[in-house]
Amino acid sequence: MSETLAPNALAASASAYLRSAMHQPIHWHEFGEEAFALAAREDKPVLLDIGAVWCHWCHVMDRESYENPALAVLINKHYIAVKVGRDERPDVDSRYQAAVSAMSGQGGWPLTALLMPDGRPFFGGTYFPPDDRFGRPGFARVLETMAGVWKERRKEITETAASVMAAIEHGESFAGSEGGGASLSPGLIDQLVGSALQSFDPQHGGFGSQPKFPHPAALDLLLDVAARTGSEQARHAATYTLQQMARGGIYDHLGGGFHRYSTDERWLVPHFEKMLYDNAGLLANYAHATRSFGGTPEGAEFSRITADILRWVDSTLSDRDQGGFYASQDADIHLNDDGDYFTWTRDEAAAVLTAEQLAIAEPFYDIGPLGDMHHNPARNVLHTRHTLASVAERAGIPLDRAEVLVGSAREALLAARGRRPTPFIDRTLYTGWNALAVTACLAAAEALSLEAPKAFALKTLDRMLAQAWHPERGLAHVVAYADGHEAARRVPGVLEDYAYLVHACLDAWQATAGMRYYQQAMLLADTMLARFYDETGDGFLDTEQVPGQPQTGVLSARRKPLQDAPTPAGNPSAADALLRLHALSGMEAYREHAEDTLEHFAGIVEHFGLYAGTYGLALERLLLPPVQVVVIGEGRQADELAAAALTPWSVNQVLLRLKPSQVRPELLPPVLAQTLPHLPLLDHGASFATLCRGNTCMPPITQPDELSAQLKGL
């Protein structure tokens, strides 16, 4: 019905989420001064909807309420309606999430809030059904009631808005006095690791109970601690979690890649949307685990999953022509569909597979007449409860034959799935998420010795630097919108965009030895310090603070992000990036700002536990000496030395490969330029490696075993 209506103002939007509402009968506005000025002129409250194109319950509320003509009349009469895409405006979303959590005790999407004309919230929640159900008040009743309150009890609303703003300011600012003088010591890392291990689920892997989310930074922290200290607890928690996720339904066993989270503690039934940021974090995890456990059965499994995530990203989320990674893939085709694209009835599988294939695929992927989905119990989420070896043994066939049958069955099921209507892919390129993906793809390329993902990651990074970066205006939050749409207003980059991109540039320098990436990392870091660092209170604010520029409503709240959610938090990510630059440049200002940032949160970070993985990694980089393994030369010997340097993965250790012609002061960062050009053996033509710690490089090493021994000694 809504498709017959004339488009509203969102038709001019570039955001895929906003454009999806262009035919709704609501008089929607984009978030901005114009909408709030209109609310002030008409003395109306603002109805704020924040959602995402991949969000199932956002689609439900759109269909039930925002496409309802009667509700539209009510909204248009009493409210100025503003719709926000959370992916496009994380600064808006994070603040109103804090506001709604302060008011209702919960957050998430869709986020529904009522605001004063100056943007301050006075009422909020998440999903509201159109009428009373699920123990929730109906949306129509809420809107009618609050419209009356607005007219008759304005003083109460004003007081509520003031108290909510005070709660946001207190909860988000992390005042320096809260640091409590805590020291930056290995003991603080031990506390964070201990908190993660305490919440580890020894039966199913992962942390906590249902619902279960991946925690990439925490997993990297555990992998690093296991490699450095030999902690069996950390090793088991990390590897078992990675294994259980890859065997569960949260992993797409046909197409590759991970869904956003699991609704149960067994990793079985996911929310089926697939996000770039989740898959970037997990791709890095599996690549790091591949390096740490190479040559073991665990390592082989991690290597396979690493390659499989790359396959999905390449086939589904990549702009192969120009470079760039798309934002997300939706879960559903329509409201009555709950992951039907990704799930199978036994009859559907039997119609696609031969009898021989089905005899192996059915027990291996646990495809039965009674499935896993509440909305349709016949539908199965593919997962692997048993090893293929045990399935083959029960079937009485050799393992190699079972491998052939499972492989052909997987291809047949994937081909059949490809003939189904495909869930929507948001082809928007967000700066921060693309930077995370560049970092992850470079890590995977290094772990698997692959050139293609490395080349595409560099192509993407070059596009980002060309299109999202401007010397005067800084970074944009969006590299490019889907389908060539152009935004009327440029969305400035947030702290995470800068921090992640500094890391991506340093990773590109490490992968190529190209000085332009190192120089760009320094330029971005300097801009990040100038625009986001709080010189009066230490730490980084999440948005640029432009003197004299008014901020609408809660945008004036000062936020210093510390908690991974689930992407790496801005402050520890920025500190980590500065420490990497200090190790290469020798510039003490980078280290000082990083240390001050970490000290700012030292008194409270232990309370974040599992959600402070990025902080733990940054603190490790601060406390541990940076190690660069530099392999100089080409050919087989250089390859063998590089392979020895990759095991195990450690946060403070990097590998750099150079040709002898690249070992010149003008082609190296200052710290390496002081030492590498003066190494013996440099003019002898043989390949060798050297370990550099800070400003000191050890004598050249020509044998991989000797290099491994020296690394273990460190």
Measure from the side-chain N and O atoms of Ser328 to the backbone N and O of Met275, and report whether any donor-acceptor pair falls under 3.5 Å.
no
For the side chain of Thr431 and the backbone of Asp497, is there at least one donor-acceptor N/O pair under 3.5 Å apart?
no
Charged N-O contact under 4.0 Å between Arg657 and Glu446
no
If the threshold is 4.0 Å, N to carboxylate O, is there a salt bridge linking Arg311 and Asp252?
no
Is any NZ, NE, NH1 or NH2 atom of the basic residue among Asp507 and Arg580 found under 4.0 Å from an Asp or Glu carboxylate oxygen of the other?
yes
Polar side-chain atom of Arg95 near backbone of Val554 as donor-acceptor pair, under 3.5 Å
yes
Could you tell me if Trp54 and Asp87 have a donor-acceptor pair between their side chains, going purely by distance under 3.5 Å?
yes
Look at the side chain of Lys560 and the backbone N and O of Phe601, then say whether any donor-acceptor pair between them is shorter than 3.5 Å.
no
For the residue pair Phe213 and Tyr261, categorise the inter-ring angle as parallel (less than 30°), tilted (30 to 60°) or perpendicular (more than 60°).
parallel
For the residue pair Leu578 and Met528, establish whether any side-chain heavy-atom pair is separated by less than 4.5 Å.
yes
Between Thr290 (side chain only) and Ser303 (backbone N and O only), is there a donor and an acceptor less than 3.5 Å apart?
yes
For the OG atom of Ser708 and the CG atom of Leu646, what is their distance to the nearest 0.5 Å?
10.0 Å
So, the side chain of His600 versus the backbone of Asp596: is there a donor-acceptor pair under 3.5 Å, distance only?
no
Indicate whether the side chain of Asp576 and that of Tyr615 have a donor and an acceptor atom separated by less than 3.5 Å.
no
Would you call Asp308-Arg304 a salt bridge at under 4.0 Å N-O?
no
His215 side chain to Asp564 side chain, donor-acceptor N/O pair below 3.5 angstrom
no
Parallel, tilted or perpendicular for Phe258 and Tyr286, by the 30°/60° rule?
parallel
Using only atom types and a distance under 3.5 Å, with no angle test, would you say the side chain of Tyr500 pairs donor to acceptor with the backbone of Pro568?
yes
Any donor-acceptor pair under 3.5 Å from Thr597 side chain to His593 backbone
yes
Indicate whether any N or O donor in one side chain lies under 3.5 Å from an N or O acceptor in the other, for Trp649 and Asp220.
no
Does any N or O in the side chain of Ser650 come within less than 3.5 Å of the main-chain N or O of Gln653, such that one atom is a donor and the other an acceptor?
no
